[in-house]
Amino acid sequence: MKTRPLRTTVSRPDALATVETPPETMRAAVIDGPGPAAALHAATLPTPTPVLSELLVRVVAAGVNPIDAETRAGAGVSSAIDAYPAALGFDFSGVVVSSAYESHPLPVGTAVFGMAPFPRSGGSYAEYVVVPALSVARKPAALSHVEAAGVPLAALTAWGIVVETAHAHEGQRMLIHAGSGGVGHFAVQFAAYLGASVTTTASGRNAAWLRELGATVVVDHTTTRFEDVVSGMDVVIDLVGDLHDATSTRSLSVLRPGGLLVVVPSGSSPGFAEAARAAGVRATGYRVIPDGSALATIARLLDSGAVQVYVDRVFGLDDAAAAHAQLEDGHTRGKIVLRVTDD
């Protein structure tokens, strides 16, 4: 198996952070109902209380993802929000304030990162979040909290697609649409690390960067139709969907017989499974699972230097609306992160 070279693993400090008793209330970026980016505003909410195997984490930074913006606008997973005001957000990096029990592997003071159970409960755009213990892992020692907050949802999505669904391996030919985005830049790296030959679509300004991450071929989608220059792919990972220029449908023609199309945007390509069968290829959707064990493996890759996270912009919690506007502008490289509290 061909792998990218690793640097010396970063040693993890044993010291735990000093933790203060959480206040009864906390600051959060919330919505009072579906709306545009400007609907996000700062508010005061009760600090949540963990039960059973849950952890209470003081959030230092929170990642901003497309699903957050879709949910804020009334789509995404908004149907699962049962009360407003609601704090948005899945990704976080922070410090454990309350652990499940005294000898838990993630004791009080541990720096962790992971995914919040939003929208079933409070999101990560807040000073504190309650999370299932199985949804988190120790923060990579090589990353700051701001960097780590950009990892969980995007990297777990990419891991689930590339490793667990597409089974990336030496010699495999893989096309990844939107390789410069949050999920895309992880997918490119995971596939290349595992030996696949990666072709990706992106704007020309990101071509050199994506080659550094491991892409062999970068197709500039602003000047070239990918089906004119790509063929015989074993796997296509579609992070765009048919809502934009019929990307899923066009991808069927570049797969080899029996190849696999993975369509990630929910509801963006109705009927793609039937179209894939008619074309003689396989197709599936994908939904991310908050898996702390997989996240711990990803953390080791990040600590080794084999995989990197790119944070494009950092906003304060009070500027969450501006962060969403930036995300929806559509030109973000890597991730946008909210700085919530001090380290």
Side-chain angles (χ1 to χ4, degrees), residues 29 36-38 40 59-73 76 88-94 113-115 123-125 139-140 142-159 176-190 192 198 200-215 218 220-222 237 239-240 244 264-265 288 298-299 301-302 305-341 343:
L40 264 173
V59 178
V60 176
V64 178
N65 293 288
I67 188 67
D68 303 346
E70 293 164 9
T71 301
R72 184 217 71 230
L88 303 182
F90 288 98
D91 283 348
F92 68 88
S93 182
F113 72 146
M115 287 181 62
S124 60
Y125 293 9
K139 180 184 74 67
L143 302 188
S144 67
H145 281 291
V146 166
E147 293 168 325
V151 173
L153 188 149
L156 284 172
T157 302
W159 184 267
I176 300 171
H177 289 303
S180 62
V183 175
H185 86 294
F186 282 117
V188 167
Q189 293 178 83
F190 292 151
V198 179
T200 186
T201 59
S203 63
R205 73 181 184 91
N206 290 314
W209 174 62
L210 285 165
R211 291 189 182 96
E212 291 176 1
L213 296 184
V218 180
D220 185 346
H221 68 83
T222 67
I237 295 174
L239 303 174
V240 178
H244 180 77
V264 178
V288 65
I298 293 167
L301 291 172
L302 288 159
V307 173
Q308 304 168 29
V309 58
Y310 185 89
V311 176
D312 195 348
R313 293 282 302 277
V314 179
F315 292 83
L317 187 64
D318 290 338
D319 296 321
H324 273 222
Q326 173 73 27
L327 180 70
E328 292 177 314
D329 185 50
H331 300 291
T332 299
R333 173 189 284 188
K335 294 300 299 288
I336 293 173
V337 172
L338 297 180
R339 180 77 185 208
V340 179
T341 64
D343 289 6

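Since we're looking at a predicted model, the values are computed, not measured. The basis for the numbers below is simple: all heavy atoms, side chains too, and nothing from hydrogens, waters or symmetry mates.
- Listed here is the closest heavy atom pair of F113 and A299: CZ-CB, 3.9 Å.
- Between the T200 side chain and the H177 main chain, no donor and acceptor come within less than 3.5 Å of each other.
- Here the shortest heavy-atom pairing between L338 and A323 reads CD2-CB, 3.8 Å.
- Taking every heavy atom of both residues into account, A148 and K139 meet most closely at CB-CG, 3.7 Å.
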Exercise. Take Q308 and L302, measure what side-chain contact (heavy atoms from CB on, under 4.5 Å) needs, and give me the verdict at the end.
Key: CA-CA 6 Å; Q308 304 168 29; L302 288 159; 5.6 Å; no
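- Rounding to the nearest 0.5 Å places CD1 of I237 at 4.5 Å from CD1 of I176.
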Practice problem: Using the ring-ring contact (aromatic ring centres under 6.0 Å, His included) rule, take F190 and W159 through it: C-alpha gap first, then chi angles, then the decisive distance, then the call. | Solution: CA-CA 7 Å; F190 292 151; W159 184 267; 5.3 Å; yes
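- Rounding to the nearest 0.5 Å places CG of D220 at 11.0 Å from CZ of R205.
- Taking CD1 of I336 as the reference point, atom CG of D91 lies at 12.5 Å (rounded to 0.5 Å).
- Shown here for F186 and G150, the closest heavy-atom pair between the two residues is CE1-O, 3.9 Å.
- Between Y125 and V64, some side-chain heavy-atom pair lies under the 4.5 Å cut-off.
- Residues S180 and Y310 form no side-chain contact, since every pair of their non-hydrogen atoms from C-beta on lies 4.5 Å or further apart.
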Quiz item: Is there a side-chain contact (heavy atoms from CB on, under 4.5 Å) between R313 and T332 once you walk through the steps?
Solution: CA-CA 8 Å; R313 293 282 302 277; T332 299; over 6 Å; no
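- Of the candidates V60, V59, L317, R339 forms a side-chain contact (heavy atoms from CB on, under 4.5 Å) with just one, namely V60.
- Counting heavy atoms from C-beta on, the side chains of E328 and R72 come closer than 4.5 Å.
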Exercise. Determine, step by step, whether I67 and L153 satisfy the side-chain contact (heavy atoms from CB on, under 4.5 Å) criterion, reporting the C-alpha distance in whole Å, the side-chain angles of both residues, the deciding distance to 0.1 Å, and the verdict.
Key: CA-CA 10 Å; I67 188 67; L153 188 149; 4.1 Å; yes
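- Tested against K335 for a side-chain contact (heavy atoms from CB on, under 4.5 Å), the candidates L327, N65, D312, V151 yield a single pass: N65.
- The minimum heavy-atom distance linking A325 with A37 is given by the pair N-CB, 3.9 Å.
- Closest approach of V340 to S124, counting heavy atoms only: CG2-O, 4.4 Å.
- With rounding to the nearest 0.5 angstrom, the CG atom of N206 is 11.0 Å from the NE2 atom of H185.
- The CZ atom of F90 sits 6.0 Å away from atom CE of M115, with the distance rounded to the nearest 0.5 Å.
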Practice problem: Report the C-alpha separation of L301 and Q189 in whole Å, then their side-chain angles, then the decisive distance to 0.1 Å, and conclude whether the side-chain contact (heavy atoms from CB on, under 4.5 Å) test is met. | Solution: CA-CA 10 Å; L301 291 172; Q189 293 178 83; over 6 Å; no
